[in-house]
Amino acid sequence: MLEKTFNPAEVEAKHYARWEQGGYFACNPDSKAAPFTIMMPPPNVTGSLHMGHALTFTLQDVLVRYERMRGRDVLWQPGTDHAGIATQMVVERQLAEKGIVLQRLGARANLQTIGRAAFVEKVWEWKRESGGTIIRQLRRLGASADWARERFTMDEGLSQAVRKVFVDLHRQGLIYRDQRLVNWDPKLHTAISDLEVEAREVKGHLWHLRYPIDGEEGRYIVVATTRPETMLGDTAVAVHPDDARYKDLISKNVRLPLVGRLIPIVADEHADPATGSGAVKITPAHDFNDFEVGRRHGLSMINIFDADARLNDNVPTAYRGLSREEARKRVVADLEAAGLIDKVESHQLTMPYGDRSGVVIEPWLTDQWYVNAAKLAEPAIAAVETGRTRFVPEQWTATYFQWMRNIQPWCISRQLWWGHQVPAWYGPDGEIFVAMDEAEAAAAAARHYGKATVLKRDEDVLDTWFSSALWPFSTLGWPEKTRELARYYPGDVLVTGFDIIFFWVARMMMMGLHFMGEVPFGTVYIHALVRDEFGHKMSKSKGNIIDPLELIDKYGCDAVRFTLAALAAPGRDVKLAASRVEGYRNFATKLWNAARFCQVNGCLPDPAFDPSRCRQQVNRWAVGRIVDLARRVDQALAEFKFNEAAHALYHGVWGEFCDWYLEFAKPIIAGADADAIVETRAAVAWALGQLLHLLHPFMPFITEELWQQVLDGKTPLIVAAWPSYDPNLTDRAATAELDWIVQLVSEIRAVRAEMNVPPAAQLPATLGDAGPEAEARLANHGELVCRLARLTEIKPGGSAAGAVQVVVEGATVMLSLAGHVDVDKERARLSKEIDRVAGEAGKIERKLANSDFVAKAPPEVVQDQRERLAEAGAAHAKLSSALQRLASFR
RNA sequence: GGGCGCGUAGCUUAGCGGUAGAGCACUACCUCGACACGGUAGGGGUCACAGGUUCAAUCCCUGUCGCGCCCACCA
């Protein structure tokens, strides 16, 4: 006997262990079934499960379980990402707490510092101890990934793939080394890519500086800047070639204040006559625009910052060693003192911040490795244009194109220690040897130099996303030609959030197409962000974070999963409130109790039961409802409408199975007809079983538990066959008849409540104005109606005396309310109903009277309106005669 | 500066050419042998606003107002 309520914790642990031990999560390359592949977006090893993870992995698990039940050979490839910067920061912080500093941060070697090899070993140590957290948490979510195939982006195999991709792209000229401005993070001491820079609006100032024209005493050119400290690195002033104000100054020089350097005034279209003074200072080494201007005019590039963004020795002594902020104050003060500040204005500007470090990014001139992304993007754009990969919802296609068509070179080198070290070696003269390993590089160097030469390996590591971009094939064994690679690439669906379309999706497309010659996945399903119930982004600082594990502990995993699925309407953010989870916890309890009813009433599966052969109409009706539900779930999932599938299931279980079918079944089971009892018990058990199947992808634990404990399921539900029916299973007559009974019972109940009849009162009822169909239906189900509507009897020969009259399609039911009915109130109620029906009929009549409508609307719509008018007319007639009958009473 | 999305019941929202649905909250009644994490019934919506297209608009188009996000080097 089941407990009174569902106790999730115990059941979750039990079934998860059994599933995993049973090998049900594993793919089977030998299978004859069609494969179904989902590549799990590898969470950061440093991570712990947040709501975004819970959403994305729930949706993936729903798809995976669904396809597994449909008989596909499912591979859900799991793993974690080494998350270069994030992990490096975590371990650095831990070491710092012990007073240990990395030598890479400029510290000198001593007892308190640690070198590269030792640090990397520390990170692996950390990974062994703490890196499994997120995977354990994923298991608590019920994720049925193929854990035996778990991969890590720093695994030997995956590292090999990274090296090969680097070497191949380099050989093809698609990876190259270049000196240009990069986004330099002065806190982390590394270059970062454009995508890792976050533009923030900040309030600042616009300083208008006077630069004295050389050789023209007392004449100045005014330039405006938001960063006065960079003037120390100026190497020109630019004006627009057509700007009349400055024409005579072009190719003259200015004497750079504070520095004394002579710098030219150049003509360049970059200077906008309409902005500021129309003249702009040029600092090629510290501004992306100025860099271009500098290149065009062959200006020297003076780097004034060190790696910490402090001023270096290229500035006058007074400023050396100052931070950017200190330097700004000093420069402004000194210019002020020299009378060289024309004016200062408040100014709103966008500043670049490092998304991980949170400090202002400095454009800095360095040598880095770049990927020619524009070239790789071409086939990736074409693949989406031709529909080989499609985005769901479709609107993300535009986002993808917009970015891909304007893609910039991808800076892939990072000045960190944790990550894939760049497979490049340098000779004494700077010659570069890119190779799979040191031996290969040495051999190449020997050929190049004609003798063995000592090489130095590139210190940098690669952007984490470089290895993630290979995930769809590197996890399958590439570059080896494995069976898995042949079978599971390309994947079917990629499920992920919009925030990593550029970081990850686009790059997998590029790499997959380049190295595999085929897109990595056919469909990209993009879901939205999880926000709090008010629509705010969850963040630690706001303190509005909802921890999925706490929710799981409190309400059960099934409730959390179902909530996320039910709220995951395509293209909409998920606004999560605990009350929703509570509601779906209640739903799980409702299902539990329905199963308990089955258990108590002997509703067990009967091998002889055939849903197409039911003799009881209520059972035929129930079969039809299940068939319809399965159809709706299939369709919703085919379109990734998880919310629609969840709502259909909720209503099917609660609104149909519990509210009506079990109530229909009760009198039969308690009755005397032995055949009917046998059939109904079996039918109820069958229907429950079907519901458990349909619900399993969303609520795996409770369904598995009930399947095994109540329905004696021998095959675990996780690998049971997904329901699929002959459409002829639906008995339309039975459906119509029982739907009518539902309507009748609802109407009677409503009237009873409206008339304040005590719920417990059993009343006799009679039938009037009934057509043959209604009479037949009541002959079949009269007792049922009596039971559900609390009537003592319902027989022909209606009398309106002391009765309320309930009008339904095809009949009027007179409820004898001796003592309860108030004739005036009943008259008012009927009049109101008549008005309502008349109003509706009037509306339809006007529509049908419109010749344009009849001529232009589709025939079925016109027909439908005619039918509705007829129904309204019939109801009107019945209600009118009901009112008429009342006239004979006071 | 470009691009995308969203304004539907008190809250969260589904629907997206032809009767506006749901969950929570709310009201009344109900210990009826599965379930009070429950049952039965009920109230509550000029579908942001203004034009247009159409026989017909919450749904399509245009504009206005209000929110949000993404991309972008404007001094």
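Predicted model, so just to flag it, every value in this text is computed and none were measured. Note on naming: letters A, B, ... go to the chains in the order of the sequence lines (proteins, then strands), and numbering restarts at 1 for each one.
- Computed from coordinates, the K856(A) NZ to U54(B) C1' distance equals 8 Å when rounded to whole Å.
- Side-chain N/O atoms of K4(A) include one lying less than 4.0 angstrom from OP1 or OP2 on A36(B).
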For nucleotides 69-74 of chain B, print each protein N/O atom paired with a nucleotide N/O atom at under 3.5 Å, atom names and distance only.
residue : atom : partner : partner atom : Å
C73(B)  : O2'  : N289(A) : ND2          : 3.0
C73(B)  : N1   : N289(A) : OD1          : 3.4
C73(B)  : O2   : N289(A) : OD1          : 2.2
C73(B)  : O2   : N289(A) : ND2          : 2.5
C73(B)  : N3   : N289(A) : OD1          : 3.3

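- Taking atom CD of E867(A) as the reference point, atom P of G18(B) lies 17 Å away to the nearest angstrom.
- Using atom P as the reference point in both U62(B) and U53(B), the two lie 15 Å apart (nearest Å).
- Defined by atom type and a distance below 3.5 Å, a donor-acceptor pair is missing between the side-chain atoms of Y220(A) and D342(A).
- Of all nucleotides listed (A41(B), U19(B), C24(B)), A41(B) comes nearest to the side chain of A750(A).
- Of the P atoms belonging to U13(B) and C69(B), the separation is 15 Å, rounded to the nearest Å.
- Residue M1(A) contributes atom CE, which lies 8 Å from atom C1' of A34(B) at whole-angstrom precision.
- One finds no salt bridge joining R295(A) and E292(A) here, because no Lys/Arg side-chain nitrogen approaches an Asp/Glu carboxylate oxygen to under 4.0 Å.
- Relative ring orientation between W654(A) and F587(A) is described as parallel, the plane-to-plane angle staying below 30° on a 0-90° scale split at 30° and 60°.
- When heavy atoms are screened at a 4.0 angstrom cut-off, P858(A) is found touching base atoms of the nucleic acid.
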How would RNA chain B look in dot-bracket form, 5' to 3', counting Watson-Crick and G-U wobble pairs with both distances under 3.5 Å and writing | for bases paired to another strand? (((((((..((((....[..)))).(((((.......))))).....(((((..]....))))))))))))....
Take L591(A) and L692(A), measure what side-chain contact (heavy atoms from CB on, under 4.5 Å) needs, and give me the verdict at the end. CA-CA 9 Å; L591(A) 176 69; L692(A) 294 179; 4.1 Å; yes
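- Between U40(B) and A34(B), the two P atoms lie 14 Å apart (nearest whole Å).
- The residue W654(A) sits close only to the backbone: its heavy atoms come under 4.0 Å of sugar-phosphate atoms, none of a base.
- A gap of 22 Å separates the P atoms of U8(B) and C4(B), to the nearest Å.
- For F597(A), taking side-chain heavy atoms from C-beta onward, the closest of the listed nucleotides G39(B), C29(B), A34(B) is A34(B).
- Within the structure, a side-chain polar atom (N or O) of R868(A) is placed less than 4.0 Å from OP1 or OP2 of U19(B).
- A distance of about 30 Å separates the C1' atoms of A22(B) and U54(B), rounded to the whole Å.
- Rounded to a whole Å, the CD atom of E582(A) is 9 Å from the C1' atom of C24(B).
- By the salt bridge (Lys or Arg N to Asp or Glu O under 4.0 Å) test, E826(A) pairs with R829(A), sequence neighbours left out.
- Taking the six-membered ring for Trp, Y650(A) and Y584(A) have ring centres closer than 6.0 Å.
- Of the candidates G18(B), G23(B), A34(B), the closest approach to any side-chain atom of A857(A) belongs to G18(B).
- Comparing K666(A) and D852(A) against RNA chain B, the residue whose closest nucleotide sits nearer the 5' end is K666(A).
- With P as the reference atom, C16(B) and A72(B) are 34 Å apart, rounded to whole Å.
- Residues satisfying the salt bridge (Lys or Arg N to Asp or Glu O under 4.0 Å) test with K641(A), not counting sequence neighbours, are E639(A).
- A centroid separation of less than 6.0 Å is found between the aromatic rings of Y525(A) and F642(A).
- C70(B) and A56(B): their C1' atoms are spaced 38 Å apart (whole Å).
- A398(A) comes within contact range of no nucleotide atom at all, as no heavy-atom separation falls under 4.0 Å.
- Among the atoms of the strands shown, none is found under 4.0 Å from any heavy atom of C598(A).
- On the C1' atoms, G3(B) is 47 Å away from G42(B), given to the nearest whole Å.
- The interatomic distance linking R580(A) (CZ) with A14(B) (P) rounds to 10 Å, in whole Å.
- If you check every strand for non-hydrogen atoms under 4.0 Å, E663(A) touches a base.
- Aromatic rings of W592(A) and F6(A) (six-membered ring for Trp) have centroids within the 6.0 Å cut-off, being under it.
- Atom CG of L662(A) sits about 8.5 Å away from atom CG of L688(A), to the nearest 0.5 Å.
- For C37(B), its base sits under 3.5 Å from the side chain of R585(A) at one donor and acceptor pair at least.
- Between E196(A) and S193(A), the side chains place a donor N or O and an acceptor N or O closer than 3.5 Å (distance only, hydrogens not considered).
- Near RNA chain B, meaning a heavy atom under 4.0 Å from it, residues 841-849 of chain A has no residue at all.
- To the nearest 0.5 angstrom, L784(A) atom CG is 6.5 Å from I741(A) atom CD1.
- Between V505(A) and F391(A), the closest side-chain pair of non-hydrogen atoms falls below 4.5 Å.
- Distances from the side chain of V861(A) to the nucleotides C35(B), G18(B), G15(B) place G18(B) closest.
- Within 4.0 Å of R790(A), counting heavy atoms only, lies at least one base atom of the nucleic acid.
- No side-chain donor-acceptor contact under 3.5 Å links N850(A) to the backbone of R846(A).
- At whole-Å resolution of the value, CD in E754(A) and P in A41(B) are 13 Å apart.
- Distances from the side chain of K575(A) to the nucleotides G23(B), U13(B), A14(B) place U13(B) closest.
- Between F498(A) and W396(A), the two ring planes are parallel [angle under 30°; tilted spans 30° to 60°].
- Comparing V854(A) and A279(A) along RNA chain B, the residue whose closest nucleotide (by nearest heavy atom) sits nearer the 5' end is V854(A).
- The base of C24(B) lies outside donor-acceptor range of the side chain of S579(A), with no N or O pair under 3.5 Å.
- Put simply, CZ on F853(A) is 11 Å from P on A56(B), counting in whole angstrom units.
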Tabulate protein N/O versus nucleotide N/O from nucleotides 6-10 of chain B, keeping only pairs under 3.5 Å, one per line.
residue : atom : partner : partner atom : Å
C6(B)   : O3'  : R572(A) : NH2          : 3.0
G7(B)   : OP1  : R572(A) : NH2          : 2.9

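- Taking every side-chain heavy atom of K590(A) into account, G38(B) is the closest of U19(B), U40(B), G38(B).
- Comparing A34(B), C37(B), C24(B) by their nearest atom to the side chain of N586(A) picks out C37(B).
- Using a 4.0 Å cut-off between a side-chain N of Lys or Arg and a carboxylate O of Asp or Glu, D864(A) and R868(A) do not qualify as a salt bridge.
- With respect to E663(A) and K666(A), a salt bridge is recorded, a charged nitrogen being found less than 4.0 Å from a carboxylate O.
- Between R752(A) atom CZ and G42(B) atom P there is a gap of 14 Å when expressed in whole angstrom units.
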